[in-house]
Number of protein chains: 2
Amino acid sequence: MLDVAFAEARLGLAEGGIPIGAALFAADGTLLGRGHNRRVQEDDPSLHAEIAAFRAAGRRRDYRSTIMVTTLSPCWYCSGLIRQFGIGAVVVGESVTFTGGHDWLAEHGVEVTVLDDRRCIDMMATFVAEHPDLWHEDIGAAPSG
Amino acid sequence: MLDVAFAEARLGLAEGGIPIGAALFAADGTLLGRGHNRRVQEDDPSLHAEIAAFRAAGRRRDYRSTIMVTTLSPCWYCSGLIRQFGIGAVVVGESVTFTGGHDWLAEHGVEVTVLDDRRCIDMMATFVAEHPDLWHEDIGAAPSG
């Protein structure tokens with residue numbers, strides 16, 4: 001399932017965007033929605049990858065058996081989405097380059113799996129090194145001073 | 001400032017949607033963005049009012065001095081947004097019909113003001129009584145059983 005999220009991240013990178021991808025799956029592995037960060041592409045600060053995948057999955061009545069797969073540890077914004085809608089499980093590609101709220105989600109009953117996926121780490125580490133301002137903008141890390 | 005958020009909520013209701021409105025202001029009271037819940041209108045589960053207002057404000061580099069005004073206590077999804085982007089203050093119209101994460105935000109340094117606005121309470125209470133399924137869908141309260 002991480003392959004789908006990673007493909008989304010690569011697509012975002014190819015578009016000149018921030019390379020984070022996500023996908024929402026049903027318990028049986030059916031893909032419900034996929035997406036990637038589109039801050040740059042659409043000048044939309046609200047389109048983090050997990051939000052884009054959730055949005056693409058459309059209106060649903062019950063998320064308890066769904067699985068959110070994301071290339072990067074979900075920030076508080078995306079963690080809040082996962083908690084509010086009761087998404088049952090989260091698979092995180094990596095939390096080396098950034099650690100968001102996945103421990104908080106685990107404390108609140110979400111089944112969290114953190115991988116240590118080399119492709120995800122390399123893509124994100126390279127991006128952060130090359131575009132620190134864009135990355136900081138995306139996670140709301142305000143300039144100091 | 002609550003008047004702007006309330007006007008958005010009323011607009012949402014008039015469109016047949018869920019009556020929750022929000023607006024993001026600069027410290028000097030300049031309106032940066034406003035919006036309302038558009039789950040019904042656009043079949044988009046990601047468009048909670050606070051997200052819509054944040055999106056309408058466009059890309060920004062620093063949210064520390066901004067104020068998010070919302071007719072209703074922000075759910076975890078919207079609270080996560082506020083925390084991640086370091087929005088400095090939140091004004092909540094009411095938290096009688098629903099209580100989200102505003103205490104959690106206060107614990108994490110956000111300046112939180114909770115009003116007890118009768119217009120907001122009445123509008124939301126009436127909506128929840130008339131459309132319980134839609135309301136439960138919007139906050140991810142899955143059907144029991």
Side-chain angles (χ1 to χ4, degrees), chain A residues 18 24 32-33 35 38-66 73-88 98 100-101 104-105 108 110 133-145, chain B residues 18 24 32-33 35 38-66 73-88 98 100-101 104-105 108 110 133-145:
Chain A
I18 300 169
L24 187 69
L32 302 174
R38 298 210 294 275
R39 171 179 292 271
V40 173
Q41 297 91 320
E42 300 187 17
D43 266 336
D44 185 343
S46 76
L47 280 176
H48 274 197
E50 296 89 330
I51 310 301
F54 174 82
R55 186 188 191 189
R59 288 172 59 179
R60 314 192 75 84
R61 202 53 195 83
D62 191 338
Y63 291 88
R64 286 175 294 190
S65 64
T66 65
S73 176
C75 78
W76 288 116
Y77 171 37
C78 298
S79 294
L81 174 93
I82 290 162
R83 179 170 173 189
Q84 185 64 47
F85 289 96
I87 290 171
F98 173 78
W104 179 72
L105 289 174
H108 288 93
V110 179
D133 286 354
L134 198 48
W135 169 235
H136 290 144
E137 180 191 322
D138 196 53
I139 51 170
S144 54
Chain B
I18 299 168
L24 188 70
L32 302 174
R38 298 209 296 275
R39 171 180 292 272
V40 173
Q41 297 90 320
E42 300 188 18
D43 266 337
D44 184 343
S46 76
L47 279 176
H48 274 198
E50 297 89 329
I51 310 301
F54 174 82
R55 186 187 191 189
R59 288 172 59 179
R60 314 192 76 84
R61 200 56 194 83
D62 191 338
Y63 292 89
R64 286 174 295 190
S65 65
T66 64
S73 175
C75 78
W76 288 116
Y77 171 37
C78 299
S79 295
L81 175 94
I82 291 162
R83 179 170 174 189
Q84 185 64 47
F85 289 96
I87 291 171
F98 173 78
W104 178 73
L105 289 173
H108 288 92
V110 180
D133 285 354
L134 199 47
W135 168 237
H136 289 144
E137 179 190 323
D138 196 53
I139 52 170
S144 56

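Each chain gets a letter, A, B and so on, in the order its sequence line appears, and its residues count up from 1.
Residues passing the salt bridge (charged side-chain N to carboxylate O under 4.0 Å, His left out) test with Arg39(A) are Glu137(A), Asp138(A), sequence neighbours excluded. Residues forming a ring pair (Phe, Tyr, Trp, His ring centres under 6.0 Å) with His108(A) (at least two apart in sequence, or on another chain): Trp104(A).
Among Ile87(B), Ile51(B), Ile82(B), the residue with the largest count of heavy-atom pairs under 4.5 Å with chain A is Ile51(B).
The shortest heavy-atom contact between Gln84(B) and Trp76(A) is OE1-N, 2.8 Å. The two atoms that bring Gly58(B) and Pro45(A) nearest to each other are O-CG, 3.4 Å, heavy atoms only. Shortest non-hydrogen contact noted between Val40(A) and Arg59(B) is CA-NH1, 3.8 Å.
Here Ser79(B) contributes atom OG and Leu81(A) contributes atom CG; the two are 12.5 Å apart, rounded to the nearest 0.5 Å. Rounding to the nearest 0.5 angstrom, the gap separating the OG atom in Ser46(B) from the CD atom in Glu50(A) is 12.5 Å.
For Ala56(A), no part sits under 4.5 Å from any heavy atom of chain B, backbone or side chain. Using a 4.5 Å cut-off between heavy atoms, Ala141(B) touches chain A through its backbone atoms (N, CA, C, O) alone.
Checked against a 6.0 Å centroid threshold, the rings of His48(B) and Tyr77(A) do not count as neighbours.
Side-chain atoms of Arg61(A) and Pro143(B), non-hydrogen and from C-beta on, do get closer than 4.5 Å to each other.
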